[in-house]
Amino acid sequence: MSSEPRWEAAQVAIRQGLATSALRLGVENPEAWIEVMEPTEEGHGDLTSNAAFRLTKTLKQSPATIARRLIDHWPELPMIERVEVAGPGFINFWLDTHWLADVLPQAVAEADAYGCRQSRGERVLIEFVSANPTGPLVVVNGRAAALGDSLARILQANGYAVDREFYVNDAGQQLAKLGQAMAIRLRELAGEPLPDPWPEGVYPGAYVRDLAEQYRELTPDWAEHALHPERREALGAFCAERLRRQQEQELERFGVHFDRWFSERALREAGAPERMVAELEARGVLYRQDGAVWFRSEQFGDQKDYVVVKSDGEFTYVVPDAAYHTHKFERGYDIIIDLLGPDHHGYKRRMQAMMKALGLFGERLEIQIIQLVRLLRGGQVVRMSKRGGDFVTLAELIEEVGVDPARWFFLERSADTPMDFDLDLAQMKTQDNPVYYVQYAGARIHSVLRGYRGLAAKDPENVDPAEYREPLEQALIRDVARFPAVLRRAGEQRAPQVIVRYLSEIAGHFHAFYRQHRILEEQPSVRRARIELIRAVLVVIGQGMGAIGVSVPERM
RNA sequence: GCGCCCGUAGCUCAGCGGAUAGAGCGCUUGACUACGAAUCAAGAGGUCGCAGGUUCAAGUCCUGCCGGGCGCACCA
């Protein structure tokens with residue numbers, strides 16, 4: 001249950017005020033022209049509008065003149081302290097600090113509901129990570145995990161019911177290769193030499209040997225199994241299940257919990273791919289050529305047609321994938337989000353084309369590509385390749401830099417930008433990591449609140465907003481008031497980094513305030529007001545950090 | 001060759017068509033007998049890859065180049 005966010009209320013009131021003025025000046029349908037936003041620069045008010053510029057054509061006057069006329073009969077509103085025309089015609093609004101200060105007790109009272117919105121009855125499905133169960137998770141999976149989980153948290157705070165789902169590719173070719181690798185490792189355990197050369201496409205990673213050892217413990221006639229090609233799939237399935245569980249543990253350790261692990265094998269066993277092909281056939285979007293079955297992808301906006309059933313009768317991977325996506329739609333989600341890895345560029349159009357061919361709504365399916373993560377060590381790019389068996393795992397990354405900094409680092413950058421992750425920097429210079437900057441602000445507030453316990457009885461019960469005189473106090477009040485709007489924007493733009501930026505900002509204001517002003521050593525009335533302020537700041541830091549899955553320790 | 005993403009301070013990156021383009025790191029100079037110096041204050045540092053176009057207004061939108069990354073299989 002959350003009350004009216006003051007910042008947004010002010011925005012709405014200003015828009016209405018400007019619309020009323022514009023109407024009086026003879027503008028038809030003024031709402032369409034009026035925009036109220038946060039200025040990029042300090043000194044340009046709390047909220048600003050460019051309405052005058054946009055009305056020059058209609059009113060045939062200079063923006064400065066229009067701006068003056070728009071605020072000519074500006075009504076007295078308790079929330080607005082000052083209105084001014086600035087520059088070539090901007091209208092800047094300063095909100096009344098005392099009016100805004102009401103958000104402080106509100107934030108403190110609402111605590112972990114502050115900034116959140118009531119349920120809107122819409123369901124969201126986010127599929128992310130979905131790494132193949134053929135090895136440990138790697139660094140880019142960590143980026144996907146951090147982004148998907150944070151997005152889920154942000155959307156939940158915005159009133160959506162969100163499910164996190166992991167699609168497990170526990171079928172098909174990769175499983176066979178995994179089984180083959182397993183057979184090789186079992187024979188190695190039996191004392192046979194490793195094949196030379198190593199077979200093409202078979203995972204050479206040493207982790208398969210660990211799995212082989214586990215298999216030996218559990219299976220009396222393990223040596224037999226290594227020799228029978230028809231056992232390969234079962235061996236692969238054994239590995240896949242083990243590796244999937246290992247991935248799940250690593251993700252839990254990273255603070256990411258999936259609501260559902262959706263099995264491709266189950267989908268196949270239920271005959272979904274066959275039904276998918278039949279459905280496409282019935283819609284007349286398939287044709288036969290060179291012994292294979294092709295999908296008319298070009299008709300639906302893709303670059304070229306592609307094969308759905310190979311000449312050997314096997315499905316290509318898009319068929320079960322399309323069946324899976326259809327299944328998502330059938331489950332009734334209002335928004336379906338896929339976060340895909342950087343090796344799925346071509347896949348996006350392909351899946352959208354197929355959904356279009358099936359008559360499913362394209363807008364409800366959002367596909368976001370997460371770009372590459374390059375690791376730097378000693379100033380050199382660390383080359384990673386799963387097939388080459390040479391990679392840095394997510395577990396190793398967490399070991400080196402810790403969960404909180406790793407998450408922060410991933411979320412700091414927008415998903416569609418390839419990023420460099422400098423391991424040396426993250427490891428050696430942890431004190432420079434911005435995540436500690438925000439956590440330190442939280443720890444300082446906790447420390448002050450501990451010190452306040454013995455003093456609280458001497459202070460007045462109620463806060464007098466007139467005590468907020470310092471610019472930094474007022475900046476913090478604005479930060480607290482702005483938070484619901486920030487959370488909302490992060491959700492609309494599907495951009496956790498909006499929260500990250502905000503947190504750095506409010507922490508900066510807090511540290512400056514803390515160095516410059518005393519809290520506990522002030523007069524009771526001032527002290528009471530400042531305690532209320534920092535309690536609210538702590539709530540907001542907690543809410544923001546919660547939205548990106550980073551902790552706020554009481555001591556550090 | 002085609003498609004997607006990216007070129008902004010020495011480095012890593014922000015920047016919902018709006019005002020004098022920002023932050024962190026690094027560099028220079030200052031601040032603890034004071035609630036936690038993992039902090040704060042001040043300074044230096046830019047032809048926003050290049051060229052056109054749209055607009056009252058372009059780092060942001062459009063077109064073409066240049067540079068980098070990643071994709072373009074009867075692989076997943």
Side-chain angles (χ1 to χ4, degrees), chain A residues 35 37-41 43-44 48-50 52-54 56-57 62-63 86-90 92 132 134 169 171-175 177 201 264 289-294 302-304 306-318 320-321 341-350 369 371-372 374 376 409 412-422 425 429-437 439-441 443-452 455 489 492-493 495 497-498 500-501 504-505 507-508 510-522 527 530 534 555-556:
Chain A
E35 210 181 331
M37 56 220 166
E38 293 181 33
T40 42
E41 214 152 321
H44 293 161
T48 185
S49 177
N50 58 8
F53 292 91
R54 313 192 69 177
T56 46
K57 280 228 175 93
S62 77
F90 293 97
N92 297 337
N132 290 324
T134 53
N169 296 110
Q173 273 302 307
Q174 303 210 56
L175 212 61
K177 298 280 189 199
E264 179 185 350
Q289 189 185 304
D290 305 330
V293 180
W294 297 69
D302 200 5
Q303 281 191 281
K304 51 183 172 187
Y306 57 91
V307 171
V308 290
V309 185
K310 296 192 270 181
S311 52
D312 64 3
E314 290 278 316
F315 300 114
T316 57
Y317 72 98
V318 275
D321 270 14
D343 50 340
H344 285 74
H345 270 112
Y347 180 92
K348 183 172 171 174
R349 277 171 192 247
R350 205 174 289 188
I369 302 287
Q371 292 291 340
L372 268 203
R374 280 199 317 181
L376 301 178
F409 209 99
E412 209 174 20
R413 292 151 173 79
S414 57
D416 57 7
T417 310
M419 66 174 279
D420 287 341
F421 200 122
D422 190 328
L425 199 75
K429 306 196 145 195
T430 45
Q431 72 276 18
D432 291 329
N433 196 314
V435 68
Y436 296 120
Y437 185 78
Q439 288 182 326
Y440 188 50
R444 273 179 152 176
I445 293 173
H446 273 114
S447 173
V448 175
L449 293 178
R450 281 194 294 272
Y452 184 64
L455 302 167
R489 194 152 75 85
E492 281 167 357
Q493 297 185 358
Q497 42 130 350
V498 167
V500 172
R501 300 275 148 190
S504 296
E505 236 173 85
F510 172 75
H511 286 307
F513 166 73
Y514 182 88
R515 289 294 291 182
Q516 207 169 315
H517 304 290
R518 308 269 84 203
I519 298 168
L520 297 181
E521 293 152 23
E522 289 288 349
R527 176 167 63 197
R530 290 188 176 169
I534 65 170
R555 299 172 202 267
M556 49 191 292

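The sequence lines fix the lettering, A, B, ..., with proteins before strands; numbering per chain opens at 1. Both backbone and side-chain heavy atoms feed into the values below; hydrogens, waters and symmetry mates do not.
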Only counting residues at least two apart or in another chain, list the ones meeting side chain to side chain contact (heavy atoms under 4.5 Å, CB included) with E38(A).
-> W7(A), L47(A), R482(A)

Using the P atom in both, what is the distance from G26(B) to C70(B), to the nearest Å?
-> 30 Å

Looking at residues at least two apart in the chain, or sitting in another chain, which of them share a side chain to side chain donor-acceptor pair (under 3.5 Å) with H511(A)?
-> R444(A)

Would you call the rings of F53(A) and F90(A) parallel, tilted or perpendicular, where under 30° means parallel and over 60° means perpendicular?
-> tilted

Encode nucleotides 4-12 of chain B as B, S and - characters from 5' to 3', where the letter depends on protein heavy atoms closer than 4.0 Å: B to the base, S only to sugar-phosphate, - to neither.
-> BSS-----S

Check whether the ring centres of Y440(A) and Y436(A) lie less than 6.0 Å apart, and answer yes or no.
-> no

Residues which pass side chain to side chain contact (heavy atoms under 4.5 Å, CB included) with V309(A), listed by chain and number, not counting sequence neighbours | V277(A), V293(A), F315(A)

Is the base of A37(B) touched by the side chain of R515(A) through a donor-acceptor pair closer than 3.5 angstrom?
-> yes

So, are R374(A) and D420(A) salt-bridged, with charged N and O less than 4.0 Å apart?
-> yes

If you take atom types as modelled and just measure distance, does the side chain of T48(A) reach the base of A19(B) with a donor-acceptor pair under 3.5 Å?
-> yes

Decide yes or no for F513(A) and R530(A): does some side-chain heavy atom of the first lie under 4.5 Å from some side-chain heavy atom of the second?
-> yes

Go through the structure and list residues passing ring-ring contact (aromatic ring centres under 6.0 Å, His included) with Y452(A), not counting sequence neighbours.
-> none

Just the dot-bracket of RNA chain B, please: which string comes out with Watson-Crick or G-U pairs under 3.5 Å, [ ] for crossing, | for another strand?
-> (((((((..((((....[...)))).(((((.......))))).....(((((..]....))))))))))))....

Round to the nearest Å and state the distance from Y347(A) atom OH to A73(B) atom C1'.
-> 16 Å

Applying salt bridge (charged side-chain N to carboxylate O under 4.0 Å, His left out) to R350(A) and not counting sequence neighbours gives none

Base orientation of C32(B), syn vs anti, 90° cut from 0 | syn

Counting just side-chain N and O atoms, does K304(A) come under 4.0 Å of either OP1 or OP2 of A73(B)?
-> yes

Can you give one letter per nucleotide of nucleotides 54-64 of chain B, 5' to 3': B if a protein heavy atom sits under 4.0 Å from the base, S if only from the sugar-phosphate, - if neither?
-> --B--------

Set of residues satisfying side chain to side chain contact (heavy atoms under 4.5 Å, CB included) with respect to A512(A), sequence neighbours excluded | L472(A)

At under 4.0 Å, does any side-chain N or O of S414(A) touch on OP1 or OP2 of A14(B)?
-> yes

Sorted by chain and residue number, the side chain to side chain contact (heavy atoms under 4.5 Å, CB included) partners of S504(A) (sequence neighbours excluded) come out as W408(A)

Can you tell me if N433(A) uses its side chain to pair, donor with acceptor, with the backbone of V435(A) under 3.5 Å?
-> yes

For S62(A), check side chain to side chain donor-acceptor pair (under 3.5 Å) against everything at least two apart and list the hits.
-> T65(A)

Mind listing the residues from residues 306-315 of chain A sitting with a heavy atom below 4.0 Å of RNA chain B? Number order is fine.
-> V307(A), K310(A), S311(A)

Would you say a side-chain N or O of Y317(A) is under 4.0 Å from OP1 or OP2 of A76(B)?
-> no

